[in-house]
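A note on names: the letters A, B, ... follow the listed sequences, proteins ahead of strands, and every chain is numbered from 1.
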Number of protein chains: 2
Amino acid sequence: MRRSDSDNSAAPADAASTREKLLEAAARLFLERGYAATGVSAVLAEAGVRSGSMYYFFKSKDDLLVGVLDRYLELLRPVLIEPVEAATADPIDRVFTLLAFYRHFLVSTNCRLGCPIGNLALEISDTHEEARQKVVQNFENWCAVVAGWLVDAGERLPASCDRGALSRYVLTVMEGGQMQAKAQKRIEPYDASIAGLRDHFNRLEAEARAEKERNG
Amino acid sequence: MRRSDSDNSAAPADAASTREKLLEAAARLFLERGYAATGVSAVLAEAGVRSGSMYYFFKSKDDLLVGVLDRYLELLRPVLIEPVEAATADPIDRVFTLLAFYRHFLVSTNCRLGCPIGNLALEISDTHEEARQKVVQNFENWCAVVAGWLVDAGERLPASCDRGALSRYVLTVMEGGQMQAKAQKRIEPYDASIAGLRDHFNRLEAEARAEKERNG
DNA sequence: AATCATATTGGTTGATCGTTCAACAAATAT
DNA sequence: ATATTTGTTGAACGATCAACCAATATGATT
């Protein structure tokens, strides 16, 4: 019988597991209830961990938040980007497959939960500097991936089109759309936002085609 | 000497003033720190009011939040819409003047504070149903005004362009842009988002012109 | 002058907040 | 075997939380 199976003794071998359980519980509760509204005791109960253990791994609740945001940084590629790239080859389609993943998550929670980063961004940017920087890093990594796809799109977008700026615009539309979906508890505002972005992309692609025709 | 001047006696004549001071203080603190992170005692201190008075006008902290959101409903036209319409006559320009007003507010707070409704939308939509409905009403009123302007734009936008849907897209871009500006503490992400929207509008207007030319 | 509705006061409640710590247990190194 | 490192326990801390209420004051009505 392995140590991790129904063994509630004080076993240092479960160390990594305890830390992970705390991060997972905290991530879920911060997303569902928000950071300030989530008590440490709720995280402890959800994780099945006693308070002393938490303060062994994290020096404060704020530090736990930073840990959660670090975890999101680690999860971006394996959980989000790689599945998107596996599902879709076309670089522009990849952008909208990514947005469809967020849609799926919204729908699967009845639009109660949106983008974890976006939610925390608005709640803690003023007051928690270290966490704010992690939020920015999350946004930057996300945009870097999308910008890479847009670069891959090459001449299918106008030459004058700044791919980095466009990637940040994609983030803007995703976050704005999920905010409205969450507020209304309906997916339609998100879908409408993505449809608006799709229309914009269609026009950019049309211009790129016209550009190409002109230049031979 | 009027009653309201440095008179801290228990004077019912100051009733409206007390209620207003509470709403003003609460609105400011909820925006600066978030709803859950703001203690009732902080609101009381900011407003210069004792706890009993607050619970005379509001039956709970949640009720105070609803009051704040009702106040935003009342303030939308006099504080935001009417100044925009006074400053700008062209219906499409009005949209971007409105967005410039949000920009000014962002800049004037070093991008620490963004859209009050958007911030509350993400924090309380899951957990406070009544407040959530007020958030939705705020969004709907905002969009109704913008949609009106877009209708006023008439043939300058394509006939097929759904003005209601486009107004919600404008909201999406504003909220997504302010979120990134707040996270990064820089106005550039907001400006870039609005520039992206401006580009989209330019293309819509170009199509409308082409449409008009075709049809005579 | 008496009455009444309106508003304010401020101390107090029990619950929960984030955090600490001395004692202890298990694995590893010596 | 012993010592050391790594983790765990759970009670307890002071602070703050949202909320309550009996006493009191004011202005308007009669």
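A cation-pi arrangement is found for Arg198(B) relative to Phe96(B), the charged atom lying closer than 6.0 Å to the ring centre and inside a 45° cone about the ring normal. Under the 6.0 Å distance and 45° angle rule, Lys61(B) counts as a cation-pi partner of Tyr35(B).
Rounded to whole Å, atom P of dT6(C) lies 15 Å from atom CZ of Arg19(B). The separation between Leu44(B) atom CG and dA7(C) atom P is 18 Å, rounded to whole Å. Residue Leu22(B) contributes atom CG, which lies 15 Å from atom C1' of dA18(D) at whole-angstrom precision. Rounding to whole angstrom units, NZ of residue Lys21(A) and P of dT8(D) are separated by 8 Å. What separates CE of Met54(B) from P of dG11(C) is a distance of 18 Å, to the nearest Å. The CD-P distance, from Glu20(A) to dG7(D), rounds to 14 Å in whole Å. Between Leu65(B) atom CG and dC17(D) atom P there is a gap of 17 Å when expressed in whole angstrom units. Atom C1' of nucleotide dA18(D) and atom CZ of Phe30(B) are separated by 12 Å, given to the nearest angstrom.
The residue among Ser53(A) and Thr38(A) whose nearest nucleotide of DNA chain C lies closer to the 5′ end is Thr38(A). Of the two residues contacting DNA chain C, namely Ala42(A) and Lys59(A), the nearest-nucleotide position lying further toward the 5' end is that of Ala42(A).
The phosphate of dG10(D) (OP1 or OP2) has a side-chain N or O of Arg50(A) nearer than 4.0 angstrom. A close approach under 4.0 Å does not occur between any side-chain nitrogen or oxygen of Tyr55(A) and OP1 or OP2 of dT20(C). The shortest distance between the side-chain N/O atoms of Tyr56(A) and the OP1/OP2 oxygens of dG7(D) is below 4.0 Å. Between Ser60(A) and dG18(C) there is no side-chain N or O to OP1 or OP2 distance below 4.0 Å.
In this structure, a donor-acceptor pair under 3.5 Å is absent between the side chains of Gln184(A) and Glu188(A).
Ser41(B) contributes no side-chain N or O that forms a donor-acceptor pair with the base of dA15(D) under 3.5 Å. Remark: the Ser51(B) side chain and the dG11(C) base include a donor-acceptor N/O pair separated by less than 3.5 Å.
Among the protein residues, Gly52(A) comes within range of the nucleic acid bases, having at least one heavy atom under 4.0 Å from a base atom.
Residues Glu74(B) and Arg71(B) are not paired through a salt bridge, judged by the lack of any N-O separation under 4.0 Å between the basic side chain and the carboxylate. The pair Asp90(B)-Arg94(B) fails the salt-bridge criterion, with no side-chain N (NZ, NE, NH1 or NH2) lying under 4.0 Å from an Asp/Glu carboxylate O.
In the set dT19(C), dA19(D), dT8(D), dT8(D) carries the atom at the smallest distance from any side-chain atom of Thr18(A).
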